[in-house]
Amino acid sequence: MVARRKVAVVGVALSDCGRVDDATPYALHAQAARRALADAGLNRSLVDGFASAGLGTLAPIEVAEYLGLRPTWVDSTSVGGSTWEVMAAHAADAIAAGHARVVLLAYGSTARADVRAGRRTGTLSFGTRGPLQFEAPYGHTLIAKYAMAARRHMIEYGTTIEQLAQVAVQARANAALNPEAMFRTPVTVDDVLAGPMIADPFTKLHCCVRSDGGAAVLLAAEEYVRDCRTAPVWVLGSGEHISHSAMSEWPDFTVSPAAVSGRLAFERAGVRPSEIDFAEIYDAFTYMTLVTLEDLGFCGKGEGGAFVEKGRLRVEGGELPVNTDGGGLSAQHPGMRGLFLLVEAVRQLRGECGDRQVRRVDGSLPRLTVASGTGGWFCSSGTVVLGAG
């Protein structure tokens with residue numbers, strides 16, 4: 001048997017993000033990809049693997065062509081926001097097995113600009129085909145699915161709307177430290193509760209922002225690490241899981257697929273949740289952060305409300321800083337945000353985050369993190385554990 005190679009993230013980057021009215025999604029892909037390659041210091045000729053989703057009729061073929069790549073390994077997995085953690089896991093496996101040497105993950109979206117220009121409308125539903133035909137006629141929108149799940153958790157465990165609001169408050173506090181975040185003005189629990197109702201119990205600030213932006217991540221086999229200009233961040237373990245499409249097939253609204261993907265990732269990495277220094281968690285809605293914290297094992301089931309209300313998620317003074325860039329609730333959310341979680345996780349482990357840099361109790365840089373993406377309406381989850389070089 002051929003020995004499996006170690007795999008590292010060697011380059012990460014964001015494109016211009018936030019309000020970008022003069023670029024196409026292809027251009028944002030390219031901008032992020034160029035920046036990630038420059039970050040790594042590797043020549044583009046070494047890239048023999050490419051993964052992307054969400055753009056083009058034949059994604060990722062069209063994007064690879066636009067970037068001038070002719071990969072011999074490709075992935076177009078599309079499972080919503082968790083796509084990028086799942087792709088990172090697939091890429092790491094391919095590199096470890098010798099099927100690729102350097103894999104580029106790239107994403108770009110002009111979700112905000114397209115709505116403003118009238119090129120598209122807001123995404124209320126994923127359509128009416130297949131199992132969704134039994135829900136869409138009743139006005140069961142995308143956000144309504146999350147709202148129903150949040151309400152179930154409140155009924156089952158006594159979670160309060162004020163506790164959910166704390167997730168948004170602490171995300172904004174972290175965003176205030178990030179000069180690239182879209183919204184940085186601090187908010188209070190009262191501000192969150194006083195906002196316009198979107199889908200009971202969610203007011204506006206319980207929901208992610210809509211932005212433009214792109215991201216790219218470069219993974220490489222261990223033998224290329226010495227040629228890179230950055231310190232490696234090692235992929236230690238990963239897990240993925242899909243749960244349901246129709247809400248009627250979801251066994252328990254208070255348990256997300258991260259309960260499985262997280263367990264697998266931690267087991268494969270050989271680490272425990274208690275060893276994690278900070279976490280990057282998909283946060284399309286406040287409830288998503290809360291339930292994922294439970295399912296990853298940072299607190300018990302039903303204890304998420306009490307866990308988040310203590311300020312634990314803050315970069316400044318928090319026991320477990322979460323979404324250190326401000327997350328999808330405040331920093332940026334251009335659609336499938338999972339790749340942004342990986343970029344922030346790597347930058348934190350490399351000590352590149354300035355005022356929002358996480359530090360351990362002794363003042364040293366963090367050593368371990370987890371990035372957990374969620375797709376659909378808790379339909380899928382991908383979790384990746386990363387360690388500093």
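Reckoned from all heavy atoms, side chains included, excluding hydrogens, waters and symmetry mates. Sequential numbering from 1 along the given sequence is applied to the chain's residues. What you see is a predicted model, and the numbers here were worked out from it, not measured in a lab.
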Original post:
Taking only residues two or more places apart in sequence or in another chain, which ones pass ring pair (Phe, Tyr, Trp, His ring centres under 6.0 Å) with Tyr107?
Top reply: Trp84

Subject >> Pairs flagged by salt bridge (charged side-chain N to carboxylate O under 4.0 Å, His left out) wherever residues 324-338 is involved - sequence neighbours left out >> reply: Asp325-Arg337

Subject >> Any residue meeting ring pair (Phe, Tyr, Trp, His ring centres under 6.0 Å) with Trp250, in chain and number order, not counting sequence neighbours >> reply: His244, Phe253, Phe378

**OP:** Return the set of residues passing side-chain contact (heavy atoms from CB on, under 4.5 Å) with Val260 (not counting sequence neighbours), or none when no residue passes.
**Re:** His241, Arg263, Leu264

**OP:** Keeping to residues at least two apart or across chains, list the salt bridge (charged side-chain N to carboxylate O under 4.0 Å, His left out) pairs with something in residues 276-293.
**Re:** Asp277-Arg360

Original post:
Can you list every pair that meets salt bridge (charged side-chain N to carboxylate O under 4.0 Å, His left out) and has a residue in residues 227-252, with sequence neighbours left out?
Top reply: Asp39-Arg229

Original post:
Does Asp114 come within less than 4.0 Å of Arg210, counting only side-chain N to carboxylate O?
Top reply: no

**OP:** Please determine if Glu222 and Lys6 form a salt bridge, counting it only when a charged side-chain N lies under 4.0 Å from a carboxylate O.
**Re:** no

Subject >> Which residues share a side-chain hydrogen bond (donor to acceptor under 3.5 Å, both in side chains) with Arg347, sequence neighbours left out >> reply: none

Subject >> Any pair counted as salt bridge (charged side-chain N to carboxylate O under 4.0 Å, His left out), so long as it reaches residues 143-166, sequence neighbours left out >> reply: Glu135-Lys145, Arg151-Asp200, Arg152-Glu156

**OP:** Sequence neighbours left out, what passes side-chain contact (heavy atoms from CB on, under 4.5 Å) with Thr77? Give chain and number order.
**Re:** Asp75, Val79, Val86, Met87, His90

**OP:** Using ring pair (Phe, Tyr, Trp, His ring centres under 6.0 Å) as the criterion, list what pairs up with His333, not counting sequence neighbours.
**Re:** Tyr282

Under 3.5 Å, side-chain donor or acceptor atoms of residues 94-103 against the rest of the protein: list the pairs with distances, not counting sequence neighbours.
{"from": "Arg101", "atom 1": "NE", "to": "Leu46", "atom 2": "O", "distance (Å)": "2.8"}
{"from": "Arg101", "atom 1": "NH2", "to": "Ser45", "atom 2": "O", "distance (Å)": "3.0"}

**OP:** State which residues pass side-chain contact (heavy atoms from CB on, under 4.5 Å) with Ala176; sequence neighbours excluded, sorted by chain then number.
**Re:** none

